[in-house]
Asks: 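First the structure, then my questions, so here it is.
Chain A is the first sequence line, chain B the second, and so forth, proteins listed ahead of strands; every chain is numbered from 1.
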2 protein chains.
Amino acid sequence: MGDDRAVTDSVHGRPTMKDVAAAAGVALKTVSRVVNEEPGVNPATAERVLSAIERLGYRRNESARVLRRGRTASIGLVIEDVADPFYSGISRAVEDVALRHGSLVLSGSSGEEPRRERELVLTFCSRRVDGLIIVPAGTDHGYLRPELDAGIPAVFADRPGGLDLDTVICDNNGGAHTGVTHLIRHGHRRVAFLGDSASIFTAAERLYGYRRAVEDAGLPVDESLVAMGPPERAGPALTRMFAGDDPPTAVFTGNGRITVAVLRTGHRLAMVGFDDFELADLLVPGVTVVAQDPARLGRAAAELLFRRIMGGPGAAERIELPTRLIPRGSGELRP
Amino acid sequence: MGDDRAVTDSVHGRPTMKDVAAAAGVALKTVSRVVNEEPGVNPATAERVLSAIERLGYRRNESARVLRRGRTASIGLVIEDVADPFYSGISRAVEDVALRHGSLVLSGSSGEEPRRERELVLTFCSRRVDGLIIVPAGTDHGYLRPELDAGIPAVFADRPGGLDLDTVICDNNGGAHTGVTHLIRHGHRRVAFLGDSASIFTAAERLYGYRRAVEDAGLPVDESLVAMGPPERAGPALTRMFAGDDPPTAVFTGNGRITVAVLRTGHRLAMVGFDDFELADLLVPGVTVVAQDPARLGRAAAELLFRRIMGGPGAAERIELPTRLIPRGSGELRP
DNA sequence: GTGAAAGCGCTAACAA
DNA sequence: TTGTTAGCGCTTTCAC
């Protein structure tokens with residue numbers, strides 16, 4: 001008995017169905033039936049098999065199963081950075097939906113590098129994921145063609161990619177419009193916009209929303225009040241604006257990292273930020289934000305993907321999620 | 001030509017090495033050699049193969065490869081919740097180390113439920129991960145035995161598990177001692193401790209550090225100043241202490257969520273919190289914390305794991321990482 | 001209710 | 001330098 005292990009271990013150190021079959025004195029196929037809970041096995045036989053499984057520490061080899069069946073019960077997720085709360089929120093939601101579908105999530109961070117995104121996606125495809133959720137780092141998704149042709153559905157999340165696929169994004173444009181309008185309504189005529197690099201889709205959309213809001217209010221768009229670039233340049237840019245002749249009285253920040261960067265400069269001025277963040281309500285004054293809902297974004301993308309995986313038909317969908325203005329004080333300061 | 005796809009697609013909708021071999025007019029093994037960059041293939045032949053690969057959109061089937069080789073080039077990671085910045089920090093670090101080792105990370109959130117932890121781990125084992133990093137949700141890890149026997153190395157992170165395995169944790173005890181001593185040095189004689197449920201290892205260790213610090217200072221340990229429980233109960237507990245005869249003048253909070261919960265109560269008192277958090281420096285006063293380093297924790301665990309995967313010998317190691325006190329104002333307030 | 005045989009796509013071992 | 005053969009562990013098909 002205590003010997004079974006040594007006798008039955010296969011080359012890779014794990015017992016196989018064959019080993020279990022031998023130990024239980026049945027055929028391979030019977031073990032397979034028990035493991036997969038197929039009907040039509042004599043309860044007594046099943047019992048013998050189960051006890052052998054227990055005794056040997058048998059665990060089905062998923063690779064072999066996948067090889068035979070073609071379905072992996074896993075999906076691939078490419079985000080920018082798990083350590084960023086916005087993306088980890090998406091991750092968690094995707095994970096939850098996948099769990100409900102009995103699926104595992106392979107995920108990886110692209111770090112906003114198109115090469116890394118591609119590498120991750122292709123690795124996932126090599127592992128024959130059933131589908132992909134991608135936060136696009138680049139705009140060229142030609143590399144996806146063969147995978148899509150092979151029947152792997154893919155969904156773009158947070159930004160559209162370079163292919164006409166299912167896409168779930170936030171209403172960046174409208175959200176920025178709302179936030180900027182909020183500042184204007186509170187008496188500001190010179191509102192600065194600090195956004196991420198304009199090459200990033202969400203940043204460009206939000207800038208567009210800013211411009212629309214300023215124009216809709218009948219105010220002139222002053223390009224010297226607009227600065228686009230990586231978050232670490234936001235602080236200096238704002239300081240430069242303040243040093244000018246006709247400084248802004250309010251600022252709209254284009255994402256969470258830029259909001260924080262501006263807060264760290266210590267400039268005390270009216271502001272509304274895109275993206276909510278923990279403790280925004282505890283700062284003095286509380287930081288007014290245009291909030292996205294990363295969990296909802298992740299959920300929507302995952303649900304859309306699973307619908308496709310299960311054969312859902314039809315043209316590419318584009319879902320746009322609303323944003324929500326949360327007034328907390330900083331956006332209600334008068335000039 | 002445009003026809004190749006239809007002709008060569010296999011049952012599962014993807015071309016196989018066999019298809020590529022046929023298209024390139026070589027043997028299967030030659031394709032394998034090219035795909036795996038094995039030496040000794042005539043450049044001209046290799047060229048033909050590569051072009052066939054390109055044309056057919058061939059991608060190696062990793063499941064088949066794994067089945068044959070026994071190594072999956074992937075590791076499993078079980079954390080409590082990806083959406084929590086502490087754990088997503090760990091995730092990111094693990095991912096980075098895995099990337100350097102050419103490995104993929106399968107990860108999942110246990111939500112602090114032992115059953116879910118077990119389920120995730122066993123799913124990962126079914127997929128034949130090369131190793132596991134586990135933030136234990138429970139203390140009974142008997143279910144791991146067969147997997148360990150089968151040669152899958154595992155590392156516990158953040159907390160020890162119920163088995164004598166490699167473990168990487170923070171100096172919870174020492175960190176709490178440092179933080180509490182800091183408050184006492186600033187004149188506080190009645191320091192409250194608000195910690196997570198005492199059944200959680202880290203919470204118990206930190207409580208122990210608190211007790212030691214109080215005793216080392218020659219002060220009496222007053223149990224009415226200690227409250228252990230889930231973060232949502234921390235605020236009420238503190239309020240109750242304040243309503244008492246001899247309220248605390250300072251509080252030490254046992255983790256980040258409790259720190260935030262206490263901040264939200266609006267009580268203005270001296271405090272030091274375990275765990276650093278974004279914007280702690282921007283609150284007024286800045287929040288003094290005992291900081292852990294999740295990235296370092298993740299990195300250490302992953303490096304230890306890969307050492308084991310590559311056959312590193314020896315008894316189970318236990319690595320304890322230091323914490324760091326960061327004074328920002330709240331911990332330096334006098335009674 | 002049970003089993004034997006074939007084969008998923010790949011790599012390892014051994015020819016040629 | 002290239003090819004042939006066997007078989008990884010499982011599911012599928014069909015026979016008993």
Asks: Flag the pair Leu122(B) / Tyr143(B) as yes when at least one side-chain heavy-atom distance between them is below 4.5 Å, and no otherwise.
Replies: yes
Asks: Would you check if Phe156(B) and Leu163(B) make a side-chain contact, meaning some heavy-atom pair closer than 4.5 Å?
Replies: yes
Asks: Check if the side chain of Arg33(A) and the base of dT2(C) share a donor-acceptor pair of N or O atoms closer than 3.5 Å.
Replies: yes
Asks: So for Arg14(B) and dG9(C), does any side-chain atom that can act as donor or acceptor lie under 3.5 Å from a complementary atom in the base?
Replies: no
Asks: Side chain of Lys29(A): nearest nucleotide among dG9(D), dT13(D), dC10(C)?
Replies: dT13(D)
Asks: Could you check Ala64(B) against Pro39(B) and say which one's nearest nucleotide on DNA chain D is further toward the 5' end?
Replies: Pro39(B)
Asks: Distance check: side-chain N/O of Thr16(B) vs OP1/OP2 of dC8(C), anything under 4.0 Å?
Replies: no
Asks: By nearest nucleotide on DNA chain D, pick out whichever of Arg128(B) and Pro43(B) is the more 5' one.
Replies: Pro43(B)
Asks: Taking 4.0 Å as the cut-off, does a side-chain nitrogen or oxygen of Arg68(A) come that near to OP1 or OP2 on dT12(D)?
Replies: no
Asks: Are OP1 or OP2 of dC8(C) and a side-chain N or O of Arg69(A) less than 4.0 angstrom apart?
Replies: no
Asks: Taking only side-chain N and O atoms of Asn36(A), does any of them lie within less than 4.0 angstrom of OP1 or OP2 on dT11(D)?
Replies: yes
Asks: Val26(B) side chain: which of dT2(D), dC10(D), dG3(D) is closest?
Replies: dG3(D)
Asks: Looking at Thr45(B), I'd like to know whether one of its side-chain N or O atoms comes within less than 4.0 Å of OP1 or OP2 on dT2(D).
Replies: yes
Asks: Any non-hydrogen side-chain atom of Val94(B) less than 4.5 Å from a side-chain atom of Ile79(B)?
Replies: no
Asks: Between Thr30(A) and dG3(C), does any side-chain N or O lie under 4.0 Å from OP1 or OP2?
Replies: yes
Asks: Determine the contact category for Ala27(A): base if any of its heavy atoms lies under 4.0 Å from a base atom, sugar-phosphate if only primed atoms, P, OP1 or OP2 are that close, otherwise nothing.
Replies: sugar-phosphate
Asks: Counting side-chain heavy atoms from CB outward, which of dT4(D), dT1(D), dG3(C) is closest to Asn42(B)?
Replies: dT1(D)
Asks: Is there a donor-acceptor contact under 3.5 Å linking the side chains of Glu147(B) and His141(B)?
Replies: no
